[in-house]
Amino acid sequence: MNSIEQRLSELQHRITIAAAKAGRHTDEICLLGVSKTYDATHVEKAWRAGLTDFGESYLQEAQIKIAALQHLAIHWHFIGRIQSNKTRIIAEQFDWVHSLYQMKHAQRLNEQRPADKPPLKVCLQVNISQDPKKGGLHPADVHAMIAAFRQWPGLSLQGLMVLPAFTQDALEQRRAFARLRALRDDERNAEYPLETLSMGMSADFEQAIAEGATIIRIGTALFGERCTKSAGA
Ligand SMILES: *Cc1c(COP(=O)(O)O)cnc(C)c1O
């Protein structure tokens with residue numbers, strides 16, 4: 001009953017309904033399979049079922065899967081906390097980073113991005129709820145960070161990402177996503193249209209779609225409950 005194929009088709013059904021309610025097209029919304037803690041076999045199954053984009057949070061674990069699945073045309077997204085001494089791995093092995101919010105990390109990723117690869121696609125993580133325990137840019141600092149991208153040809157700014165404070169209240173979930181979208185609308189310009197809104201996870205993606213999400217990051221609703229957080233699990 002609970003195969004990845006079935007979960008994926010259920011998810012796609014819910015995405016279609018949420019998109020229709022919002023008057024949006026399903027193909028505006030990319031489903032990112034968050035495969036952290038799941039091994040390469042699970043990723044390959046999801047790929048065979050039609051997913052092309054996968055998100056990873058732990059680099060050691062991600063590198064094993066990227067190496068094992070080189071024969072598949074997968075787009076790898078880094079969505080975890082960035083450490084300065086690990087930026088080279090991200091710059092060399094990933095196609096996207098969703099969790100960038102520090103200038104020093106941007107500088108390193110820009111320098112370390114291999115010249116034979118297209119610019120690394122980047123979303124700026126915004127701490128929309130201004131939660132002191134969460135990473136991300138203060139909304140007031142987004143403007144200056146966007147302006148700095150001119151000096152980083154190795155990076156291609158795509159949009160904004162949020163990991164809002166946890167709540168089960170659907171209205172509050174939606175309010176946080178609406179704030180990210182409003183910030184994007186204020187900050188976008190001809191040079192940086194910020195088309196990507198990376199927001200929504202298993203528990204709140206319908207609210208995110210209602211507020212304009214273009215990438216939803218789905219782990220448990222696709223792969224099942226994670227039993228461990230440890231790398232290589
Ligand atoms: C783990 C994770 C997700 C997926 O969460 P689920 O609730 O399992 O869908 C999405 N985004 C980030 C940044 C994550 O770390």
Side-chain angles (χ1 to χ4, degrees), residues 2-4 6-15 18 29-39 42-43 45-46 49 51-63 65 74-83 86 89-90 94-102 105 120-129 131 133-137 158-170 172-174 176-177 180 196-233:
N2 283 323
S3 68
I4 287 174
Q6 281 160 329
R7 289 207 195 89
L8 179 60
S9 98
E10 237 166 73
L11 261 172
Q12 281 164 337
H13 182 63
R14 287 172 63 189
I15 292 167
I29 300 153
C30 169
L31 171 54
L32 178 64
V34 176
S35 42
K36 65 185 179 201
T37 79
Y38 284 92
D39 66 17
H42 288 84
V43 176
K45 267 191 200 144
L51 276 195
T52 54
D53 289 70
F54 293 90
E56 291 285 339
S57 301
Y58 311 111
L59 280 176
Q60 229 185 330
E61 185 199 324
Q63 282 177 278
K65 288 178 244 186
I74 288 176
H75 302 132
W76 293 101
H77 299 235
F78 186 72
I79 62 173
R81 202 171 264 271
I82 298 173
Q83 291 173 272
K86 303 274 176 62
I89 301 169
I90 301 172
F94 283 80
D95 303 293
W96 281 77
V97 181
H98 292 233
S99 44
L100 181 68
Y101 57 92
Q102 292 194 50
H105 294 158
L120 183 62
K121 292 183 174 162
V122 166
C123 290
L124 294 178
Q125 184 175 347
V126 182
N127 190 352
I128 205 78
S129 36
D131 177 347
K133 284 176 302 210
K134 282 221 153 75
L137 282 164
Q158 302 292 307
L160 305 181
M161 177 273 217
V162 73
L163 195 59
F166 177 78
T167 171
Q168 285 184 319
D169 179 337
E172 253 185 68
Q173 290 168 352
R174 199 164 155 170
F177 297 136
L180 191 76
T196 299
L197 287 175
S198 168
M199 58 188 197
M201 315 197 292
S202 294
D204 56 14
F205 71 85
E206 280 135 329
Q207 284 72 300
I209 288 172
E211 293 298 341
T214 65
I215 299 182
I216 55 173
R217 310 181 308 267
I218 306 293
T220 51
L222 183 66
F223 292 107
E225 288 296 331
R226 288 181 290 274
C227 42
T228 169
K229 274 189 122 183
S230 70

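For the numbers below, each heavy atom of this structure counts, side chains included, while hydrogens, waters and symmetry mates do not. Whatever order the structure lists them in is the order used to number ligands and atoms, beginning at 1. Owing to the predicted nature of the structure, the values given are computational and were not obtained by experimental measurement.
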Worksheet item: Which of the numbered atoms in ligand 1 are below 4.0 angstrom from a heavy atom of Gly219?
Response: 4 (C), 6 (P), 8 (O), 9 (O)
Item to complete: Answer side chain, backbone, both or neither: which part of Thr220 comes under 4.0 Å from ligand 1, heavy atoms only.
Response: both
Item to complete: May I ask you to list the atoms of ligand 1 that are less than 4.0 angstrom from any heavy atom of Ser57?
Response: 15 (O)
Practice prompt. Mark up the atoms of ligand 1 that fall under 4.0 Å of a heavy atom belonging to Ile218, in ascending order.
Written response: 9 (O)
Discussion item. Within the structure provided, determine whether Ile216 and Leu32 are in side-chain contact (heavy-atom separation under 4.5 Å).
Written reply: no
Worksheet item: Side chains of Met199 and Met161: does their closest heavy-atom pair fall under 4.5 Å?
Response: no
Worksheet item: At what distance is the nearest protein heavy atom to atom 11 (N) of ligand 1, and which residue and atom is it?
Response: Arg217 NE, 2.9 Å
Item to complete: Among all protein heavy atoms, pick out the one at the shortest distance from atom 14 (C) of ligand 1; state its residue, atom name and that distance to 0.1 Å.
Response: Lys36 NZ, 3.0 Å
Discussion item. If we only consider heavy atoms of Arg226, is any one of them less than 4.0 Å away from an atom in ligand 1?
Written reply: yes
Worksheet item: Taking heavy atoms and a distance under 4.0 Å, where does Leu222 meet ligand 1: side chain, backbone, both or neither?
Response: neither
Worksheet item: Under 4.0 Å from ligand 1, counting heavy atoms only, is it the side chain of Ser202, its backbone, both or neither?
Response: both
Worksheet, complete the sentence: Numbered in order shown, the ligand 1 atoms found under 4.0 Å of a heavy atom of Ile79 are 11 (N), 12 (C), 13 (C), 14 (C)
Worksheet item: Do side-chain atoms of Lys86 reach the backbone of Gln60 as a donor and acceptor pair under 3.5 angstrom?
Response: no
Item to complete: Answer yes or no: does an N/O atom from Ala221 fall short of 3.5 Å to an N/O atom of ligand 1?
Response: no
Worksheet item: Are the side chain of Ser3 and the backbone N or O of Gln6 linked by a donor-acceptor pair below 3.5 Å?
Response: yes
Practice prompt. Measure the spacing between CG of Asp204 and CG of Asp169 and express it to the nearest 0.5 Å.
Written response: 11.5 Å
Fill in: atom 10 (C) of ligand 1 [closest protein heavy-atom partner, distance rounded to 0.1 Å]
Met201 SD, 3.1 Å
Worksheet item: Using the ring of each side chain (for Trp, its six-membered ring), is Phe54 parallel, tilted or perpendicular to Trp76, with breaks at 30° and 60°?
Response: tilted
Practice prompt. Could you tell me whether the side chain of Leu197 reaches within less than 4.5 Å of the side chain of Val162, counting heavy atoms only?
Written response: no
Discussion item. Counting C-beta onward and ignoring hydrogens, is there a side-chain heavy-atom pair between Phe78 and His98 closer than 4.5 Å?
Written reply: no
